[in-house]
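Following: one structure in structure tokens, then a few remarks.
The structure presented is a predicted model; accordingly, all values stated were derived computationally and were not measured.
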Amino acid sequence: MLVSVLVFAGGCGACVVVVSAYDAEADEVTHAAVSSCLTLVHGLHHRAVTTTEGLGSSRRGLHAVHQRLAGFHASQCGFCTPGMCMSLAGALVAAEGNGKKAASAAEGFSRLTGAEAERAVAGNLCRCTGYRPIADACKSFAADVDLEDLGLNCFWKKGDDASVSKLPPYKEGSIAAFPEFLKDEIRSSLGIDHSISSASMGNVSSWYQPKNVEEYYNLIGSSSSSSDKSRTKVVVGNTSSGVYRNAELYDRYIDLRAIPELNSVSKDAKGVGIGAAASISQVIEILRGEGNSYKDVVFCKIADHMEKVASQFVRNMASLGGNLIMAQRDEFASDIATVLLAAGSSVRIQVSSEIMNITLEQFLDMPSCDCKTLLLSIYIPHCTPSGISSSSESVNTAGDKPASSVLFETYRAAPRPIGNAVSYLNSAFLAKLSSDETSGNCILEKLCLAFGAYGTQHAIRATNVESLLLGKPITASLLLEACTVLKKTVVPVEGTRHAAYRSSLAVAFLFSFLYPITKGTFKPVEAVHLNGHIISGNNGNLNCGPDTHVDVSPKEINNVKSDLHGNDHILESSKQVVEINEDYLPVGLPAKKVGAELQASGEAIYVDDIPSPKDCLHGAFVYSTKPLAHVKSIELNPSLEKLKTVAIVTAKDIPKGGSNVGANTIFGPEPLFGDPLTQCAGEPLGIVVAETQRIANIAASRALVDYSMENLDAPILSIEEAVRRSSYFEILPFLLPQKIGDFSKGMAEADQKIYSAEVNLHSQYYFYMETQTALAIPEEDNCMVVYSSSQCPEVAQETIAKCLGLPCHNVRVITRRVGGGFGGKAVRSLPVATACALSAFKLQRPVRIYLDRKSDMIMTGGRHPMKIHYSVGFKSDGNITALHIELLVNAGITQDVSPTIPHNFIEALKKYNWGAFSYDARICKTNIATRSAMRGPGEVQGSYVAEAIIEHVAAVLSTDVNLVRQRNLHTVESLSLYHSECMEDALGYTLPSICNQLITSANYQHQLEMIRSFNKSNRWKKRGLSVVPIVHKFSSRPTPGKVSILNDGSIAVEVGGIELGQGLWTKVKQMAAFGLGQLWADRRQELLERVRIIQADTLSVIQGGWTAGSTTSESSCEAVRRACNILINRLKPLKEQLQEKQGTVSWDELISQAKMVGVDLSARELYVPGASGSYLNYGAAASEVEIDLLTGATTILCSDLIYDCGRSLNPAVDLGQVEGAFVQGIGYFMNEEYVTNSDGLVVSDGTWTYKIPTVDTIPKQFNVKLLNSGFHKKRVLSSKGLDFKSVCVSIWGIVNSHPFVLPIFCVTNSFLVAASGEPPLLLAASVHCATREAIRAAKEEYHCSRSGSSPPFFDLEVPAIMPTVKELCGLDNVEKYLESICSK
């Protein structure tokens, strides 16, 4: 995989490459990391492109970037890794260029600082690793980083000398060397007359690059009609296609980058003019240079703010002019327009032959620009100690008073601090102050207040607020009046999400700007001044808060040297504690993940990397946009006749003997296509097949579907409506856990009771980096080979065969690796593989399908939404005596594996001793896309609800919630009552000791006191701390393993488990080497490098089942170990004979002789767990957060995790699983807002609207300890199921008594192991609970200040996004605070 392209929005970073350009006149090469999904190929003329394979390969030699990413265990599924490598490579080569005049970097290091190295990947998404190891790999290139502080790696052991000499060497100049032949071509082209535009003709569109403005207008004028103009796209960086992903084909592209006027930079004493085609990165560099030279506060702060816009690989492409044109024409929520508006900027435009210089404000207010309006340049005036210098009087003034001081600040509140995220609201304020000599009050002489991105057409100035404030002393009462007027001014348009929150942000930002200079609060402090270097490392946390004291003297206010990042790290510190067990070497070693280097270098092959066979076609789904409707017809849009579409495949094309089935579980089938009735928005209706994937996507998105709602009831779109209409799926009784005790009796024993409290939990999207994909190739005799990115190839084989009416032996499904699954590549992958096979079967041509991100998000569903009611009784000391749960689960339109979810929920809820425990559970059938199992299915919700109940009890009792938690932890006796099938003993029940370790290591009581002290002394920021335990039950399932020793002694291993990134292949490889190595008592034969794991093939290894439920790695290892034992028993007599003859025998000698005497060197074993029951995993996490009461931003200051790993098969792999799961859990609890429209259709359908965690949102201190307890004798090598892409088939452990399901039990008397992929996700609830504690502190202070009492308990939604936190802290908290001051 050289480049991963699937989002086409520049939002994930998986497709980053480095583009190099050569300036022949200056004899200079410049390099920039760019997003290839947004880069037009014609725009790369005379450029050199370096992909990750261009850095190096396994054959030519890997680059240090590849080796360090792999060696720091920073690649799991690997799909994002090439993009990570190239983002880092782009930063390294850029640092070389920026540091040409500086001294060379220390040997082995780069010119990057540690902070810059971390930020190199700030725009890249990873769903697997949790980012910490990626950040460490990046920081290994920085000379200012202490290498001993970096995490677990393959280069040195913890405690050994951490020297750069042990790292793969890095040399400057090793990245993106510009080809000499291309330099020669560029030089030779300089003498050619380019006055006539050249068009590069293709099958679809033409490319033009005018060399001056006149040529541009000639091209525009050549359009014969308005429709011709609409099929012309004017581009510079083409990043707008990432924002507005319209399925559009253009006849002509006009590239503006060769027009001199659009690339010029002019400087004078009053300001700087920048050509509109300059990239945002170039603008930042220009402004930072000019700002530092002129000591210009505005330039420096604009540059600072721009570095928070988009990501580096987008800023390198996006043009300044393009950003402003989108803001003016397309209502784009631009940060840049807002800050330039406040700075008094102007623009130079040309409309046909007329050139105009107008203010930016006038430009934004113009009618929407078309291609006849050409933005030439932007002029930004200097702001110096002598006052505001502006080319236009766009700043309100209060008379001609002598210049005093200039204040300029920019603000933004966005879901991520520095990653790709559009602001909820942005603002920028420019003020000229004077100080009244008599009173000392600050008076505003000039003022500009700009606001944008809040749900308005474009950035605006709050002129009414400006007028109110000018010429008056800034007092609390005046500021309150200004806030009141502002809230009526900044009003989002109807339909804007979180409208009230956005308006409150405007007030918060104005308050933060002016309060430090308000009468009665202003205290000049020389050491801290408003426009000095103030870090804004936290999302939404203000650059300069209201508690800041300001020196408004001209000398101090303008003594500015701005550098946004400074030396502050995103990740302040981390610690990993693992124990390496050497009893079963190489099992237990923290070996590098198999294939990690291939993933880094782009050589790892995923389904979409398989070369397309001859005559291959591409498919795209037509899906329903209605929740319930008859589908009368599906037709291609007539306007797309010229596109090379081949066919529409629908249910009518299913062959005779086949059936309309797209997925199948033990609970029944579900249809492949909604025919003749579609029952949810997002349901597949058919497949458009075309010559290219792009054409297929466009044709599918524009397909004409004729719906009819005649004689249909209204759709059921909510749990409440399902209850009202009794729309349920059946839950078979054997799927439900036993209830405990007598609830009525338990409630009677209680001192206090809570009745019918409610918790609502929403969905979460999988966001695997590789979307659903398949390739189907028809073969002779009605056979079909399907390459599928699937967690269950065997089930895909069965489903495809049933759809096509073929026997299973005619269908071969192959899966080599999966680019992330998390459960979404289990049942939800089946319709994609089946539709692909059906299309290929009908057309008898190869067909491949690769869903774009939007289609994937709309069709695939995600985690189950739930509504929970609980009633609980408890003693005055916090001891809980009874709990009753009413659980409602939203399954969507089909069952999938939803009937297992209540079981999982209840089992996770049982981590505490509730006394008497009862429940009612129902599965709601609704007209939304089917929900399926997602990492920790049901368990994450159940564990969280347990915490919500504990916190509610503690709130009612007004006691420390941790005391209530401790009081209700299980004893060994109560644990055996709640989990009787697990038979845990005192040594095996490690949770109490884990909690004690965590509280001791985190110094819980001392930290609580520190937090109380912090909260008491900080009005606008509050902190909270929470400790959350988990008890997680696992069950294993039958798993096959096959070991074959080849003629040369190399070893091929096949297992049913799929490599999803969880390190299954790595652990199996280690186990095979151990298993066969037992032939030698001293294990001197090193077999690890002789072992290769073979891809899953349903006609080679049968009964592969599901890679799910977090136990497939351990089960696969046990199957392989047993197969190895079979081989050992065959080889051992021969080895003994040879030893008698020759003394010592090597592996090669043994295998050579075995082959000659006819020993069977292949063994297969189906590992079937024993019947003694399931096992339990334990862990706990302590998290501390800080919230900003003005913006609702939450910063995770620290997370400490302890997880009982049993005896880890591979500590490096398991550590990665723990960290990755925890960060994915942070996404669920804090970040990922899953939004649908009124028809249930997902509208948060891409990277622009759905925000998973990024490197800048993980805990600043991230510490993990793997507890190597070794007490768990029932597990494979005493390990606890460390597989991760958790899904549905915890079903295997609960259906063992049902007559139509093969009995499945737990690992018993195997070779001793434990599970780390799912349980740590549950621990992320500690972040949410800590946020609740911080909000509680804010509410208590608020109510104390108003002589009232804070409500004992409040609901904090999941996810606790910024608007949610701010609302609980008070959308009007600024106004209330100012009122309290005014009333004194």
Side-chain angles (χ1 to χ4, degrees), residues 76-77 79 125-130 761-770 790-792 818-829 857 860-866 896-898 900-901 904-905 907-908 931-944 1030 1032-1035 1057-1064 1106-1113 1177 1179 1181 1201 1203 1213-1214 1216-1232 1234 1250 1252-1253 1280-1291 1315-1325 1327 1358-1359:
Q76 289 187 22
C77 87
F79 204 81
L125 302 185
C126 173
R127 195 57 149 167
C128 298
T129 65
L761 297 171
H762 304 292
S763 192
Q764 181 186 22
Y765 169 61
Y766 304 98
F767 218 106
Y768 29 61
M769 295 306 296
E770 174 200 42
S790 176
Q791 293 176 236
C792 48
V818 173
F822 317 111
K825 298 284 180 68
V827 181
R828 302 327 309 159
S829 72
M857 295 189 74
T860 307
R863 197 179 294 282
H864 289 79
M866 297 182 182
D896 197 283
V897 294
S898 296
T900 68
I901 298 300
N904 296 353
F905 179 96
E907 291 295 348
R931 304 294 109 169
S932 191
M934 181 178 176
R935 199 178 197 172
E939 291 104 340
V940 64
Q941 296 99 323
S943 184
Y944 169 74
I1030 57 165
H1032 200 288
K1033 188 171 82 172
F1034 283 96
S1035 301
I1058 306 300
E1059 176 58 56
L1060 311 167
Q1062 81 280 45
L1064 183 148
W1106 309 69
T1107 300
S1110 287
T1111 57
T1112 311
S1113 289
N1177 273 19
L1201 282 65
Y1203 185 73
V1213 168
D1214 294 340
Q1217 289 292 285
V1218 171
E1219 293 177 333
F1222 186 78
V1223 171
Q1224 191 173 81
I1226 290 174
Y1228 176 64
F1229 287 111
M1230 302 300 297
N1231 306 118
E1232 298 173 35
Y1234 192 96
Y1250 191 84
I1252 70 171
K1280 292 183 170 181
L1282 294 151
D1283 199 20
F1284 81 164
K1285 312 290 176 172
S1286 96
V1287 285
C1288 48
V1289 223
S1290 53
I1291 183 175
S1316 64
E1318 295 176 90
L1321 189 146
L1322 281 56
L1323 292 174
V1327 175
V1358 174

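Considering all non-hydrogen atoms of both residues, Val1213 and Gly1063 come closest at CG1-CA, 3.9 Å. Nearest approach of Ile901 to Pro937, heavy atoms of both residues: CD1-CB, 3.7 Å. Of all heavy-atom pairs between Ala1221 and Gly1317, the closest is CB-O, 3.1 Å. Considering every non-hydrogen atom in both Ser932 and Val827, the closest pair reads OG-CB, 4.2 Å. Between Tyr768 and Gly821, the shortest heavy-atom distance links the atoms CD2-O, 3.5 Å. Pairing each heavy atom of Leu1201 with each of Ala1181, the nearest pair is CG-CB, 4.0 Å.
Not a single donor-acceptor pair under 3.5 Å links the side chain of Thr129 to the backbone N or O of Gly1220. For Thr860 (side chain) and Met857 (main-chain N/O), no donor-acceptor pair under 3.5 Å exists by modelled atom type. Between the side chain of Arg935 and the backbone N or O of Gly1225, no donor-acceptor pair lies under 3.5 Å.
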Run the side chain to side chain contact (heavy atoms under 4.5 Å, CB included) test on Val1327 and Phe1222 for me, step by step, so that the C-alpha distance in whole Å, both residues' side-chain angles and the decisive distance to 0.1 Å come before the verdict. CA-CA 10 Å; Val1327 175; Phe1222 186 78; 4.0 Å; yes
message: What verdict does the side chain to side chain contact (heavy atoms under 4.5 Å, CB included) test give for Leu125 and Phe767, after you've listed the backbone C-alpha separation in whole Å, the side-chain angles of each residue and the deciding distance to 0.1 Å?
response: CA-CA 10 Å; Leu125 302 185; Phe767 218 106; 3.9 Å; yes
Please determine whether side chain to side chain contact (heavy atoms under 4.5 Å, CB included) holds for the pair Phe905 and Met866, giving the CA-CA distance in whole Å, both sets of side-chain angles, and the decisive distance to 0.1 Å.
CA-CA 10 Å; Phe905 179 96; Met866 297 182 182; 3.7 Å; yes
Q.
side chain to side chain contact (heavy atoms under 4.5 Å, CB included) for Leu1322 and His1032? Distances and angles first, verdict last.
A. CA-CA 9 Å; Leu1322 281 56; His1032 200 288; 3.7 Å; yes
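Between Gln791 and Thr1112, the closest side-chain pair of non-hydrogen atoms is not below 4.5 Å. Looking at heavy atoms from C-beta onward, Asp896 lies in side-chain contact with Arg828 at the 4.5 angstrom threshold. Contact of the Cys128 side chain with the Phe79 side chain is not registered, since no non-hydrogen atoms from C-beta on lie closer than 4.5 Å. At a threshold of 4.5 Å between non-hydrogen side-chain atoms, the residues Thr1111 and Ser1035 do not count as touching.
Under 3.5 Å, the side chains of Glu1232 and Tyr1250 contain a donor-acceptor pair of N or O atoms. With 3.5 Å as the limit, one finds no donor-acceptor pair spanning the side chains of Ser898 and Arg931.
The line from CD of Glu1059 to OG of Ser1113 is 7.5 Å long, rounded to the nearest 0.5 Å. If you take CG on Leu1064 and CD1 on Ile1058, they are separated by 8.5 Å, rounding to the nearest 0.5 Å. To the nearest 0.5 Å, atoms CD1 (Ile1030) and CD (Glu939) are separated by 10.0 Å. Here CG of Asn904 is found 10.0 Å from NE2 of His864. Values are rounded to the nearest 0.5 Å. Note that OH of Tyr766 and CD1 of Ile1252 are 15.0 Å apart. Values are rounded to the nearest 0.5 Å. Distance check, rounded to the nearest 0.5 Å: OH of Tyr1228 to CD of Gln941 gives 4.5 Å.
A side-chain hydrogen bond (donor to acceptor under 3.5 Å, both in side chains) with Gln1217 is found for exactly one of Glu1318, Gln1062, Gln76, namely Gln76.
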